[in-house]
Amino acid sequence: MTEPDSTFANAAELLGRITEQLGTQLGHLRPYGHRPRKQEQEVTPPMNITGRAAPAPTEPAPVGIAPARPALAGTAPTAPAPAPALVAVGHGSRDPRARATLNRLLDRVRELRPGLDVRLAHIELNTPLLDTTLAGLAAEGRDAVLVPLLFAPGHHVTHDLPAALAAEPALRARVAEPLGAHPLLVEALADRLARAGWDTEDGTSAGTGVVLASAGSRDPRSGAEIRRIAALLGERLGGVPVVPAYASAAAPTVPEAVRALAARGRHRVAVASCFTAPGLFATRAAAHAPWIAAAPLGAHPALARLVLHRYDAALRATTRERELATV
């Protein structure tokens with residue numbers, strides 16, 4: 001009986017091994033209808049399929065800034081285009097204080113709009129000249145908005161600035177409105193008068209008056225704009241008469257305006273300075289003041305805000321024109 005017992009033992013051992021291997025194989029099988037857990041899907045993606053994250057939501061680009069183009073597969077995303085440079089255009093002066101004053105004004109603008117490329121240019125007499133600044137921007141492939149540091153649409157705004165842009169056809173740029181009749185300008189003018197000695201009671205006195213001194217222009221639109229500024233300033237000061245006067249090219253002059261107010265019984269006359277910076281015209285106007293003379297507007301905070309206001313308005317106009325062109 002020794003041989004049969006050995007046969008049965010070998011068969012039992014073989015059957016045990018088969019059962020053990022079958023159990024192991026069955027342990028790797030999943031029941032019908034079973035789906036892998038979410039964690040398993042993330043940890044073990046199917047072969048030859050690269051896992052992709054969901055795209056992040058995009059934010060609308062700021063006004064005047066072109067949105068970034070979607071990146072192609074395998075390439076880095078494209079950075080948004082920078083905002084157009086703000087080129088503040090002054091007239092220029094032989095007075096060494098003028099350029100320094102405009103630089104301080106633009107420092108205030110930069111503080112109000114961090115990251116904005118703000119550059120100073122001059123029509124004449126001072127560097128950098130406008131044509132040099134525009135050539136540099138064109139070479140850099142930049143867009144620009146020219147903000148005239150002038151108060152009305154005279155020859156410089158309507159002729160010199162467009163001619164400078166026409167000389168750089170590769171440059172995408174536009175000219176903003178001049179500073180003009182705006183509450184921010186009136187705020188700066190009134191504050192400069194107050195610093196010179198104007199008091200609230202002076203606005204209702206029968207013996208006071210104000211001469212609004214500016215550069216002057218032969219363009220009738222310029223005179224109309226200065227008259228609007230004078231009217232707004234008179235309202236701001238409490239109803240006192242404000243007479244426009246000009247340093248050149250138009251009438252009346254500052255002495256003539258002072259005499260006109262005196263003829264109306266207003267002998268206490270202040271001179272408001274509608275100039276952005278010290279110079280020959282501002283100095284002459286102040287010298288004719290029979291009472292007090294305000295300083296040029298310079299780096300007044302309200303003037304810095306007005307510069308940005310004109311820049312933003314030009315950007316919005318550009319955006320609307322481009323949208324209409326695509327319709």
Side-chain angles (χ1 to χ4, degrees), residues 58-68 79-91 101-123 128 130 133-134 136-138 140-154 156-158 160-162 164-165 168 171-191 221-222 225 228-229 232 236 274 276-277 297-327:
T58 58
E59 297 181 357
V63 174
I65 302 177
L86 188 163
V87 181
V89 185
H91 180 276
T101 300
L102 294 186
N103 278 325
R104 288 194 296 272
L105 171 63
L106 297 192
D107 284 342
R108 284 193 181 274
V109 173
R110 295 182 185 100
E111 291 172 1
L112 292 171
R113 191 71 57 86
L116 179 62
D117 184 359
V118 179
R119 308 189 189 192
L120 175 62
H122 299 90
I123 297 170
L130 179 59
T133 300
L134 297 183
L137 287 166
E140 297 170 24
R142 295 292 307 279
D143 296 351
V145 173
L146 277 58
V147 179
L149 299 180
L150 305 167
F151 298 97
H156 295 309
V157 174
T158 60
D160 291 343
L161 271 59
L165 289 183
E168 292 292 340
L171 178 66
R172 290 203 312 176
R174 75 179 299 145
V175 180
E177 294 292 325
L179 300 176
H182 191 278
L184 287 170
L185 175 60
V186 174
E187 176 184 339
L189 288 167
D191 188 55
R221 293 170 296 176
S222 177
E225 190 71 9
R228 282 192 288 270
I229 296 171
L232 291 174
R236 174 69 179 250
C274 201
T276 53
L297 299 176
H300 195 281
L303 194 64
R305 298 200 302 274
L306 181 53
V307 169
L308 279 175
H309 174 76
R310 295 303 187 204
Y311 169 83
D312 290 336
L315 285 188
R316 288 192 293 271
T318 301
T319 301
R320 286 195 297 269
E321 290 171 4
R322 290 177 182 172
E323 289 174 347
L324 291 174
T326 60
V327 174

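- Separating the CZ atom in R142 from the CG atom in L137 is a distance of 6.5 Å, to the nearest 0.5 Å.
- Of the residues L308, V145, D117, the one that meets the side-chain contact (heavy atoms from CB on, under 4.5 Å) test with L86 is L308.
- Within the 4.5 Å cutoff, the side chain of E187 has heavy atoms near those of the R236 side chain.
- Judged by distance alone, the side chain of R110 and the main-chain N or O of V118 form a donor-acceptor pair under 3.5 Å.
- Taken to the nearest 0.5 Å, the CG atom of L120 stands 10.0 Å off from the CG atom of L130.
- Between L315 and P84, the closest heavy-atom pair is CD2-CG, 3.7 Å.
- Looking only at side-chain heavy atoms (C-beta outward), L232 and L189 stay at 4.5 Å or farther from each other.
- Across L146 and A173, no two heavy atoms sit closer than the pair CD1-CB, 4.4 Å.
- Listed for the R174 side chain is no donor-acceptor partner under 3.5 Å among the backbone atoms of A144.
- Across R113 and Y311, no two heavy atoms sit closer than the pair NH1-CE2, 4.2 Å.
- Under the 3.5 Å distance criterion, the side-chain polar atoms of R310 are left unmatched by any main-chain donor or acceptor of A176.
- In plain terms, the two heavy atoms of E168 and A138 that are nearest each other are OE1-CB, 3.7 Å.
- The side-chain heavy atoms of L161 and V89, taken from C-beta on, include a pair separated by under 4.5 Å.
- Residue H309 holds its NE2 atom at 10.5 Å from CG of L179, rounded to the nearest 0.5 Å.
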Under the side-chain contact (heavy atoms from CB on, under 4.5 Å) criterion, do L185 and L297 qualify, and how do the steps go?
CA-CA 9 Å; L185 175 60; L297 299 176; 3.4 Å; yes
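- Counting heavy atoms from C-beta outward, E177 and H182 have side chains that stay 4.5 Å or more apart.
- Ring orientation note: the planes of H156 and H91 are nearly perpendicular, at an angle over 60° on the 30°/60° scale.
- Between A302 and L184, the shortest heavy-atom distance links the atoms CB-O, 3.4 Å.
- Rounding to the nearest 0.5 Å places OG1 of T101 at 11.0 Å from CG of L106.
- The shortest side-chain heavy-atom distance between T276 and L150 does not fall under the 4.5 Å cut-off.
- In this structure, G298 and L303 approach most closely via the heavy-atom pair O-CD2, 3.3 Å.
- Distance alone, capped at 3.5 Å, is enough to place a donor-acceptor pair between the E225 side chain and the A181 backbone.
- Atom-to-atom distance recorded for R119:CZ and L134:CG is 10.0 Å, nearest 0.5 angstrom.
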